[in-house]
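In what follows, a single structure is set out as structure tokens and then discussed.
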Amino acid sequence: MKRILFVEDDPDQIFMYNAKFELEGLLMMVAGNTEETIKIARHDRPDLILLDLLLRHENGLDILEKMKQDEKISKIPVLVFTNYDTREYRERAAKLGAQEYIIKSQTTPSEIVKKIKGIVGA
């Protein structure tokens, strides 16, 4: 079973995607901040990280930057998954190595699962 770390702080998003991932045979782990993300990524080695950018007290791109500086987790594929769409954020995400920049409101849960499975080979 492929493991997906969902960095998100919206309980409704977590609930919805957890249900979809379970139906599709993906195991979802959840983190809501930098510390949790790094800890889970280092310990559980997810196959992919689905990263929201607008978190309560943090910017997801700052989390991505810290992850890319950590040799143990820097190679884990990251999909930025947000409703915040600016050229500056897209460029920074690409520079930091995000594989894709996906707008939540323009993507269905089934499309996200398809993208994830395409990357992790599930």
Answer yes or no: is there a side-chain heavy-atom contact under 4.5 Å between Asn33 and Lys39? no
If every non-hydrogen atom of Arg42 is compared with every non-hydrogen atom of Asp70, which pair is closest and at what distance? NE-OD2, 2.8 Å
Do Ile40 and Leu55 share a hydrophobic cluster (ILVMFWY, side-chain heavy atoms under 4.5 Å, transitive)? yes
Could you label the plane-to-plane angle of the Phe6 and Tyr17 rings as parallel, tilted or perpendicular, counting under 30° as parallel and over 60° as perpendicular? perpendicular
Hydrophobic clusters here meaning ILVMFWY residues chained together by side-chain heavy-atom distances under 4.5 Å, can you tell me if Leu26 and Val30 are in one? yes
Mind checking who shares a hydrophobic cluster with Leu27, ILVMFWY linked at side-chain heavy-atom distances under 4.5 Å? Met1
Do Leu5 and Thr37 have side-chain heavy atoms sitting under 4.5 Å apart? yes
Any link between Ile73 and Leu51 through a network of hydrophobic side chains (Ile, Leu, Val, Met, Phe, Trp, Tyr) touching at under 4.5 Å? yes
Note: Leu64 and Ala98 closest approach over all heavy atoms is CD2-CB, 4.1 Å
Check: Asn59 and Tyr84 side chains under 4.5 Å, non-hydrogen atoms: no
When rounded to the nearest 0.5 angstrom, what distance separates CZ in Arg45 from NZ in Lys75? 11.5 Å
For the residue pair Leu48 and Val78, establish whether any side-chain heavy-atom pair is separated by less than 4.5 Å. no
Are Ile102 and Leu61 connected in the hydrophobic side-chain network, where two residues link if heavy atoms are under 4.5 Å apart? no
Contacts table for residues 7-16: side-chain donor-acceptor under 3.5 angstrom, sequence neighbours left out:
residue : atom : partner : partner atom : Å
Glu8    : OE1  : Lys104  : NZ           : 2.6
Glu8    : OE2  : Asp10   : N            : 3.0
Asp9    : OD2  : Arg56   : N            : 2.5
Asp10   : OD1  : Asp12   : N            : 2.8

Taking every non-hydrogen atom, the tightest pair across Ala93 and Tyr101: CB-CD1, 3.8 Å
Might you confirm whether atom CD of Glu91 has over 12 heavy atoms from other residues, nucleotides or ligands at distances under 6.0 Å? yes
Ile4 to Leu50 - nearest heavy-atom pair and separation: CG2-CB, 4.3 Å
Drop me the distance from Leu53's CG to Arg90's CZ, to the nearest 0.5 angstrom. 10.5 Å
Single-linkage hydrophobic cluster, 4.5 Å side-chain cutoff, Leu54 and Ile63 together: yes
N/O donor to acceptor pairs below 3.5 angstrom from side-chain atoms of residues 110-122, sequence neighbours left out:
residue : atom : partner : partner atom : Å
Ser110  : OG   : Lys20   : NZ           : 3.2
Glu111  : OE1  : Thr108  : N            : 2.8
Glu111  : OE1  : Thr108  : OG1          : 3.4
Lys115  : NZ   : Glu100  : OE1          : 3.0
Lys117  : NZ   : Glu24   : O            : 3.1
Lys117  : NZ   : Glu24   : OE1          : 3.1

Looking only at heavy atoms, the pair that brings Gly97 and Lys68 closest together is O-NZ, 4.2 Å
So, taking the atom named OG1 in Thr34 and the one named CD in Glu65, what distance separates them when rounded to the nearest 0.5 Å? 10.5 Å
Less than 4.0 Å between a side-chain N and a carboxylate O, is that true for Asp44 and Arg3? no
